[in-house]
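None of these values were measured; they are calculated from a predicted model. Reckoned from all heavy atoms, side chains included, excluding hydrogens, waters and symmetry mates.
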Amino acid sequence: QVQLVESGGGLVQSGGSLRLSCTASGLPFSLYVMAWFRQAPGKDRESVVVIRRSGDSTYIADSVKGRFTVSRDNAKNTVTLQMNSLKPEDTADYFCAGRQGMRASPFEKDYDYWGQGTQVTVSS
């Protein structure tokens, strides 16, 4: 059974930092492209970052460039999203997702597995 479990969300003041982690089980993690998506209240889910199997990030949303970074540890089956200089508009549920193969897609429909999400709230 495939599981993606996010952790690290919470409440932080504007300008603060949070680190989200996603731990995968039940799949050959190193063969999966991983991504973080987010969904703010009343809005569609959007992609935030995509990271290749090798660890190269290939997509970073313009809204988070220079503030968010993504990394992965294939030995530990984890992908981490470091979020700095957080803004109130970053408030959302953040989801980890994985897709088998090499193509790094920013599109929700291309992902096979999803975590349950972790909530991030940034206060002004």
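Under the side chain to side chain contact (heavy atoms under 4.5 Å, CB included) test applied with Val33, the options Arg72, Arg53, Met102, Gln100 reduce to a single match, Arg53.
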Would you list the atom pairs, donor with acceptor, under 3.5 Å between side chains in residues 113-124 and any protein atom, with sequence neighbours excluded?
unit_1 : atom_1 : unit_2 : atom_2 : d
Gln116 : NE2    : Glu6   : OE1    : 3.4
Thr118 : OG1    : Gly9   : N      : 3.2

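Tracing side-chain contacts under 4.5 Å through hydrophobic residues (I, L, V, M, F, W, Y), one reaches Leu20 starting from Val79; they form part of the same cluster. Side-chain heavy atoms closer than 4.5 Å link hydrophobic residues (I, L, V, M, F, W, Y) into clusters, and following such links, possibly through other members, connects Leu4 to Val49. By the rule that hydrophobic residues join a cluster once side-chain heavy atoms approach within less than 4.5 Å of another member, Val48 and Phe37 end up as members of separate clusters. Side-chain heavy atoms closer than 4.5 Å link hydrophobic residues (I, L, V, M, F, W, Y) into clusters, and following such links, even through other members, never connects Tyr111 to Phe29. Met83 and Tyr59 are members of different hydrophobic clusters when ILVMFWY side chains are connected at heavy-atom separations under 4.5 Å.
Scanning for salt bridge (charged side-chain N to carboxylate O under 4.0 Å, His left out) contacts around Arg103 gives Asp110, with sequence neighbours left out. Every side-chain hydrogen bond (donor to acceptor under 3.5 Å, both in side chains) that Asp62 has, sequence neighbours left out, goes to Lys65. Applying the salt bridge (charged side-chain N to carboxylate O under 4.0 Å, His left out) criterion to Arg45, with sequence neighbours excluded, gives Glu108.
Counting heavy atoms from C-beta outward, Lys87 and Arg67 have side chains that approach closer than 4.5 Å.
Heavy-atom minimum distance, Gly55 versus Ile51: O-CD1, 3.4 Å. Across Ser85 and Ser17, no two heavy atoms sit closer than the pair N-OG, 4.3 Å. In this structure, Leu27 and Ala24 approach most closely via the heavy-atom pair CD1-CB, 4.1 Å. What you find for Ser21 and Thr80 is that their closest heavy atoms are OG-OG1, 3.9 Å.
With hydrogens and angles ignored, the 3.5 Å screen pairs a side-chain donor or acceptor of Ser105 with a backbone N or O of Phe107.
Expressed to the nearest 0.5 Å, how far CG of Asn84 lies from CG of Leu18 amounts to 9.5 Å. Asn74 CG to Met34 CE: the interatomic distance, rounded to the nearest 0.5 Å, is 10.0 Å. A distance of 6.0 Å separates CG of Leu81 from CZ of Phe68, quoted to the nearest 0.5 Å.
At a cut-off of 3.5 Å, with distance as the only test, no side-chain donor of Thr23 or Asn77 sits close to an acceptor on the other residue.
Residue pairs meeting the salt bridge (charged side-chain N to carboxylate O under 4.0 Å, His left out) criterion with at least one partner in residues 12-31, sequence neighbours excluded, are absent. Residue pairs satisfying the side-chain hydrogen bond (donor to acceptor under 3.5 Å, both in side chains) criterion with at least one member in residues 29-39, sequence neighbours excluded, are listed as follows: Arg38-Glu46, Arg38-Ser63, Arg38-Asp90, Arg38-Tyr94.
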